[in-house]
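One structure is given below, encoded as structure tokens.
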Amino acid sequence: MTPIAPLMTDFLRVHLPKDRGFSPNTCETYAHAFRVLFQFAASNLKKKPSQIYLEELDAKLVLEFLADIEKTRKNTASTRNARLAAIKSFMRFVEFKMPSTLSQAAQVQAIRSKRYDYPLVKHLTMDEIKSVLNAPNISTRLGLRDRAM
């Protein structure tokens, strides 16, 4: 069994910010996704988060986690998909570090994102349109260009 803690540390502290160049906010969002996942997994597996093994993070557990955050935490499909994206990214990272987990990683990566409707953009009122058009400084070349657009 492979402890997940060292892999997670390497993923969050080295791979995301240094290898992939993710912003600190994105790294924090991924860390939060795993914080919630490990709370769920610890509760489900009845062990401390530090005692969770990589092999226990399988597709079945991930699907249960995704269903749970929608039900108990009232997360939207968009938030669910963001959490899933973080997990999939970790599993892609693990594929290269631990080739013995290729099958497990493929099963997790096969989990589909949930489809959802995007909210429609509301129309602007006439006053709002005038504000947008009057915002550029037309005494400059760039301002004139912006006003024309």
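Small disclaimer: the values here were computed from a predicted structure and weren't measured.
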Between Ser23 and Asn25: side-chain donor-acceptor atoms closer than 3.5 Å: no
Thr29 and Thr26 side chains, donor-acceptor separation under 3.5 Å: no
Test side chain to side chain donor-acceptor pair (under 3.5 Å) applied to Thr125 and Asp127, step by step: CA-CA 5 Å; Thr125 65; Asp127 289 335; 5.3 Å; no
Minimum-distance pair of heavy atoms, taken over all atoms of Ala105 and Met91: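 Taking Ala105 first and Met91 second, the nearest heavy atoms are CA-CE, 3.6 Å.
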For Phe65 against Ala33, the heavy-atom pair lying closest together: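 Taking Phe65 first and Ala33 second, the nearest heavy atoms are CZ-O, 4.2 Å.
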Heavy-atom donor-acceptor pair, Gln104 side chain to Leu57 backbone, under 3.5 Å: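 Checking the backbone N and O of Leu57 against the side chain of Gln104, a donor-acceptor pair under 3.5 Å is found.
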Any donor-acceptor pair under 3.5 Å from Thr79 side chain to Asn75 backbone: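 Not confirmed, Thr79 side chain does not pair with Asn75 backbone.
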Mind checking the [atom1]-[atom2] spacing from [X] to [Y]? Nearest 0.5 Å is all I need.
{"X": "Lys130", "Y": "Leu124", "atom1": "NZ", "atom2": "CG", "result": "13.5 Å"}
{"X": "Glu55", "Y": "Leu61", "atom1": "CD", "atom2": "CG", "result": "13.0 Å"}
{"X": "Cys27", "Y": "His32", "atom1": "SG", "atom2": "NE2", "result": "15.0 Å"}
{"X": "Asn81", "Y": "Leu84", "atom1": "CG", "atom2": "CG", "result": "6.5 Å"}
{"X": "Ile138", "Y": "Asp146", "atom1": "CD1", "atom2": "CG", "result": "12.0 Å"}
{"X": "Leu54", "Y": "Thr2", "atom1": "CG", "atom2": "OG1", "result": "5.5 Å"}

4.5 Å side-chain heavy-atom contact, Ile111 and Leu66: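 Of all side-chain heavy-atom pairs linking Leu66 with Ile111, at least one is under 4.5 Å.
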Counting only heavy atoms not in [X] (residues, nucleotides, ligands), do more than 12 fall under 6.0 Å from its [atom1]?
{"X": "Met126", "atom1": "CE", "result": "no"}
{"X": "Tyr116", "atom1": "OH", "result": "yes"}
{"X": "Leu133", "atom1": "CG", "result": "yes"}

Test side chain to side chain contact (heavy atoms under 4.5 Å, CB included) applied to Asp58 and Val62, step by step: CA-CA 6 Å; Asp58 58 4; Val62 172; over 6 Å; no
Pairs involving residues 67-78, ordered by first then second residue, that meet salt bridge (Lys or Arg N to Asp or Glu O under 4.0 Å) (sequence neighbours left out): Glu70-Arg80, Glu70-Lys114
Side chain to side chain contact (heavy atoms under 4.5 Å, CB included) between Tyr30 and Phe90, worked out: CA-CA 9 Å; Tyr30 274 47; Phe90 175 68; over 6 Å; no
Pair Glu95-Thr101, side chain to side chain donor-acceptor pair (under 3.5 Å): steps then yes or no: CA-CA 6 Å; Glu95 283 179 332; Thr101 62; over 6 Å; no
For residues 9-21, dump all side-chain donor-acceptor pairs below 3.5 Å to protein atoms at least two apart in sequence or in another chain.
residue: Thr9; atom: OG1; partner: Ala5; partner atom: O; Å: 3.0
residue: Asp10; atom: OD2; partner: Lys97; partner atom: NZ; Å: 3.3

Can you give each donor-acceptor pair under 3.5 Å made by side-chain atoms of residues 36-48, sequence neighbours left out, with the distance rounded to 0.1 Å?
residue: Asn44; atom: ND2; partner: Glu64; partner atom: OE1; Å: 3.1
residue: Lys47; atom: NZ; partner: Glu56; partner atom: OE1; Å: 3.4
residue: Lys47; atom: NZ; partner: Glu56; partner atom: OE2; Å: 2.8

Shared hydrophobic cluster for Leu63 and Ile69 (ILVMFWY, side-chain gaps under 4.5 Å): yes
